[in-house]
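Input: a single structure, listed below in structure tokens.
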Amino acid sequence: MLDKAGLLILAGLGMSIAFRAGVFNLGGEGQVYAGAMAAVLVSINIGIAGRNFGIISALTAGILTGAIIAGISGFLKKQWDTDELISSFLLAGIVIHITDYLISDPFRDSSSFLISTVKIPSSYFLTSLMGSSHFNISFFIATAATAAAFIFLFKSPMGYEIRLSGLNRKFVDYGGIPGKRHLIIPMIISGAMYGGVGSFAALGNFHMGIKGFTAGLGWNGIAVALIAGNNPAFVIPAGLIFAYLDAGTQVAMIHSDLSFEFSNLIKAVIFFLITAKKFTLKKQFHFD
Amino acid sequence: MTEVLLSMREITKTFKENSVKAVNSADLTVGFGEIHAIIGENGAGKSTLMHILAGEIPSDTGSIMFGGRKVYFNLPSDALRAGIGMLHQHLQLIPELTVLENIILGSEPSSKFGIIDRNKALERVNDLCNNFDIKVDPDKTVNSLNADEKQKTALLSILFHNIRLLILDEPTTFFSEIKKDTVHKLIRKLKSMGKSIIIITHKLKEAVTIADKITIMKAGETVSHINSSETNTDQLSRLILGEAGNLPFTRKKTHHGRTILEARDLTFERDGNNFLNIDFTIREKEILVVTGIRENGLEILEQILSGHQKPTSGDLLYKNQVLKTDKHYLRAIKAGYIPSDRIKTGTSIKSSISDNIILLKYKAFVKWGILNTKMIVDYSTNLIKEYGIMGKPGQLMSTLSGGNIQRVMIAREMEANPNLFIFAEPSKGLDIKSKGAIYERICRLKEKGAGILIISSDIEEALMIADRIIIMYTGKVAASIENKNITRAYIGKIMLGLNK
């Protein structure tokens, strides 16, 4: 559950920053998937390398892939005012199919029953810190990233520009700050976070590329950001709640004859109740 | 004594955000067919009291009797149904819908099966237009209308709901001399139909000429109720200010220096209309006021100077260098600018005072790559004190009154020490005292050596602060004169094209 929470936190963070800037990245599904695949491919191709070097290059590849895909939508928005909501969503559609193809044909492990790539070398595995669980360092990285994102958004000059852009882009331009810059940058940040999520999932949880293995993480990132009210400080509890719900429904399914559909229905009801505006934490952060 | 239509008793409203009593135990009585003016300084609680009456914000205590019954409105639609409609300073229309759709919104006449009966709607709207002598094209979408037509549409949308009491918030602030008459005619027409009208205004003359009764508000309280036939503007301004009511401001003479900004044959053509052909120079220590009716070229001029429209021909020169104008050029030459659109452009209304006030300087607060919160709070606190802003650094702009929002912008711009300052409609919607303070600030900036361009449709203002005045008429410079021995009437004639 905690390993899942780490991934959700990271995904939620990326979305929070994008939402704060008033840009919408609906391509998370594609960015996570492609990022994960990039990490897998790098691991397989570099092969045996120094442990840290290998992991870091795989992560970097994943992050870059996510950032580039999201960056394209940001660029289109800046250059031709293409709606980033639609372009990121459609782009994800393309990317998902390309990744599916890569897994099911050129890089498929024909000896496996799954539609998957070969296993990545074990030197790339993120070591489990808790027995048989996949709980690994990614959770702590996500936590650290939360603190960094909070400082970035509320204490850095660029964060100031991004927040203002999200609230009133005209005002930012009026102040002489090129507001269009903050169409691309937040897209890239959220894409990079999604790419990171994919890489962590690949290296920490699955250890190979399986068709559709990261499905859901992109959308759930949006859900986490919404529960957290786009505030990095609340992304950690939101990610934990979400992962807890997930784990809870799985346990319920395994130990009783609760159907998959019904468990998801319960999850949805809880999610509805949490996001109802009246109950959300409305506190905003300002210089007081 | 006319029969009483509305009586508000001991209305109190405290805003949670700043725990200020915006309205404090206020009383108001309005009779059938009465025109009632509410006057007072900015932040005196006029608008808040009316928002309570129109069901837009709940009051904490107090009671409202309307038409002989005790009423309590949760929503503006409740008030509208009861017969109270309010025309806002900032119009509330849906830009994508047509004029007709906006007007009938909320009480669409429907035929069988719940389908909107367009013919019936059109008929009723046309009747309404004829009745009040208002002309609008019902099939145009609202975003294609000019400011004046939008105002008319908003008004019609209220009149459409058979109201008994109409509240007008600063109806003539934006209107030129001609249109002011139209508004006044309309108000009298409504009165003759037996409707009551409450009008919030800063213009004392307007209050005396049009209203039957006047209520004066001060710091949230309704301090006096007077018959307008028993008073005059001098007495009213004394009541509002508690002192001699003249503007506490006199212009100082300065020797002008070098040319800062120059326009050479600046022209803008659109839809066959040729605006401007304007030439002017602004020198150091000089205030140039461009005045006229807003639609006669002031709006376009502001758009060009702020870089939102490119002139079709002609040049703009800064210190003898030709400028390339774009959205950011003004800040690139370190010029100050306060736009006429304060809410959507000049401020980030959902951000704090601090976030607004550091816009031009935030990079100066960076230490080790991080914005230093303490320095920002200190800086904001100082400016809040110095510029007399009622608020705290972390408070949201949206909780401030118009006058305070204005002061935040002025503090921000003045502290950046611009040597060119462009200010559109500096005192729009402000009371006498705030006006005086703003003129004082502008003059101090001038004495420091800045060149100042003011775009203002207010003649009094032009006469008050200008060294030179340019008067626009139908998009052209009709006159460019020194501010020496000229009268209000003289300017008025030129801006209406009556001088020939």
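Each chain gets a letter, A, B and so on, in the order the sequences are listed, and its residues count up from 1.
Residues passing the side chain to side chain contact (heavy atoms under 4.5 Å, CB included) test with B/Thr347, sequence neighbours excluded: B/Ile349, B/Asn356, B/Met397, B/Ile405, B/Met409. For the side chain to side chain contact (heavy atoms under 4.5 Å, CB included) test, residues two or more places apart in sequence or in another chain that qualify with B/Asn74 are B/Tyr72, B/Asp78.
With a 4.5 Å cut-off on side-chain heavy atoms, B/Arg331 and B/His328 do not count as touching.
With a 4.5 Å cut-off on non-hydrogen atoms, B/Lys363 touches chain A through its side chain but not through its backbone. Contacts of B/Tyr337 with chain A are made by both backbone and side-chain atoms, with heavy-atom separations under 4.5 Å. Using a 4.5 Å cut-off between heavy atoms, B/Leu360 touches chain A through its side chain atoms alone.
Nearest heavy atom pair, residue A/Ala70 against residue A/Gly191, reads CB-CA, 3.6 Å.
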